[in-house]
Amino acid sequence: MDKETILIVDDEKEIRELIEIYLKNEGYEVIMASTGLEAIKLTEERKIDLIILDIMMPVVNGIDACIKIREQNNTPIIMLSAKVEDIDKILGLSVGADDYLTKPFNPLELIARVKAQLRRFKKLNTSTSSQKVLEEGVLKMNLETGKVYKGTIEINLTPTEFNILKLLWVNKGIVFKIETIYERVWGQEYFDNNNTVMVHIRKLREKIEDNPRIPDYIFTVWGVGYKFGE
């Protein structure tokens with residue numbers, strides 16, 4: 001079986017090499033880039049299974065690189081940043097990152113998140129559900145191909161956005177707490193003041209709803225969580 005390939009993007013050589021050691025110890029193939037521009041080029045030239053992307057880089061930063069990569073690619077992206085403010089985390093997730101880790105980080109935690117993202121991405125593309133296509137209004141989700149359509153137009157969802165939509169849609173009408181969504185989709189224990197789910201729900205609504213403020217598909221149940229359908 002081919003090794004999964006992970007792209008490390010960071011302008012700090014020591015950080016790249018540290019992450020490389022841990023990833024290679026887990027059996028992954030590793031390629032590295034020191035700039036956002038180099039990362040964009042590599043994603044166009046090679047098959048990459050996951051990207052670890054630093055935000056603070058010269059010339060083309062991680063945010064701009066993420067936006068460009070997401071135009072053509074739904075590869076899982078884990079953002080790294082020395083910034084700790086919530087607004088930076090929200091910005092990273094809003095432009096298409098699937099997860100976010102603040103520097104300094106525990107390499108073992110990063111490896112755990114890498115494995116979780118790769119598991120979810122594989123599951124997204126190898127659905128075993130007996131119901132292969134979900135339809136609601138003009139919205140359609142193909143669980144086999146991992147594609148979502150609004151009418152005849154394909155909607156480009158990140159793996160995390162797809163998994164949130166799938167969780168809510170397959171369980172139509174059931175209200176999921178934010179904590180439950182996080183634990184089901186991210187595969188990690190929820191912690192207080194975690195706005196990750198909220199950010200992804202907002203981005204998902206922007207993509208599938210005609211008017212995100214008056215949704216037709218994903219509804220907020222105030223004080224509880226979210227559900228798909230009335």
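Comment: Lys103 engages Asp10 in a salt bridge, judged by a side-chain N to carboxylate O separation of less than 4.0 angstrom. Looking at Glu161 and Lys203, no side-chain N of the basic residue comes within less than 4.0 Å of a carboxylate O on the acidic one, giving no salt bridge. Salt-bridge annotation for Glu136 and Lys172: present, with a side-chain N of the basic residue lying under 4.0 Å from a carboxylate O of the acidic one. Taking the charged nitrogens against the carboxylate oxygens, Arg113 and Asp99 do have a contact shorter than 4.0 Å, which makes a salt bridge. Taking 4.0 Å as the cut-off between side-chain N and carboxylate O, Lys115 and Asp49 do not count as a salt-bridged pair. Under 4.0 Å is where a charged nitrogen must lie from a carboxylate oxygen, and between Lys68 and Glu71 at least one such pair does. Ion pair Lys24/Glu20 flagged as a salt bridge, since at least one NZ, NE, NH1 or NH2 atom sits closer than 4.0 Å to an Asp/Glu carboxylate oxygen.
Listed for the Asn61 side chain is a donor-acceptor partner under 3.5 Å among the backbone atoms of Asp64. A side-chain donor-acceptor contact under 3.5 Å links Asn142 to the backbone of Thr145. Here the side chain of Glu209 pairs a donor or acceptor atom with the backbone of Tyr217 at under 3.5 angstrom. Under a 3.5 Å cut-off, the side chain of Asn73 and the backbone N or O of Ile69 do not form any donor-acceptor pair.
No more than 12 heavy-atom neighbours from other residues, nucleotides or ligands sit within 6.0 angstrom of CD on Gln72. More than 12 heavy atoms of other residues, nucleotides or ligands shown are found within 6.0 angstrom of CG on Leu108. Enclosure of atom NZ in Lys150 by more than 12 non-hydrogen atoms of other residues, nucleotides or ligands within 6.0 angstrom is indicated. The 12-atom threshold is not exceeded at CE of Met56, counting heavy atoms of other residues, nucleotides or ligands nearer than 6.0 Å.
Exactly one of Leu7, Leu37, Thr5 qualifies for a side chain to side chain contact (heavy atoms under 4.5 Å, CB included) with Leu42. That residue is Leu7. Residue Met79 forms a side chain to side chain contact (heavy atoms under 4.5 Å, CB included) with just one option from Thr102, Ile51, Leu93, Val95, and that option is Val95.
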* Asked: Passes side-chain contact (heavy atoms from CB on, under 4.5 Å), Leu157 versus Asn74? Steps please.
  -> CA-CA 7 Å; Leu157 300 184; Asn74 70 341; over 6 Å; no
* Please step through side-chain contact (heavy atoms from CB on, under 4.5 Å) for the pair Arg202 and Ser94, ending with a clear verdict. => CA-CA 8 Å; Arg202 188 183 72 206; Ser94 294; 2.9 Å; yes
* Run the numbers on Ile111 and Glu26 for side-chain contact (heavy atoms from CB on, under 4.5 Å), then give the verdict. => CA-CA 8 Å; Ile111 295 301; Glu26 295 293 330; 3.8 Å; yes
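Residues Tyr226 and Thr220 share a closest heavy-atom pair of CE2-OG1, 3.3 Å.
Atoms OH and CD1, on Tyr100 and Ile77 in that order, are 14.0 Å from each other to the nearest 0.5 Å.
Donor-acceptor pairing under 3.5 Å is lacking for the side chains of Thr75 and Arg70.
Screening residues 176-186 for salt bridge (charged side-chain N to carboxylate O under 4.0 Å, His left out) gives no qualifying pairs among residues at least two apart or on separate chains.
Trp169 pairs by the ring pair (Phe, Tyr, Trp, His ring centres under 6.0 Å) definition with Phe228, not counting sequence neighbours.
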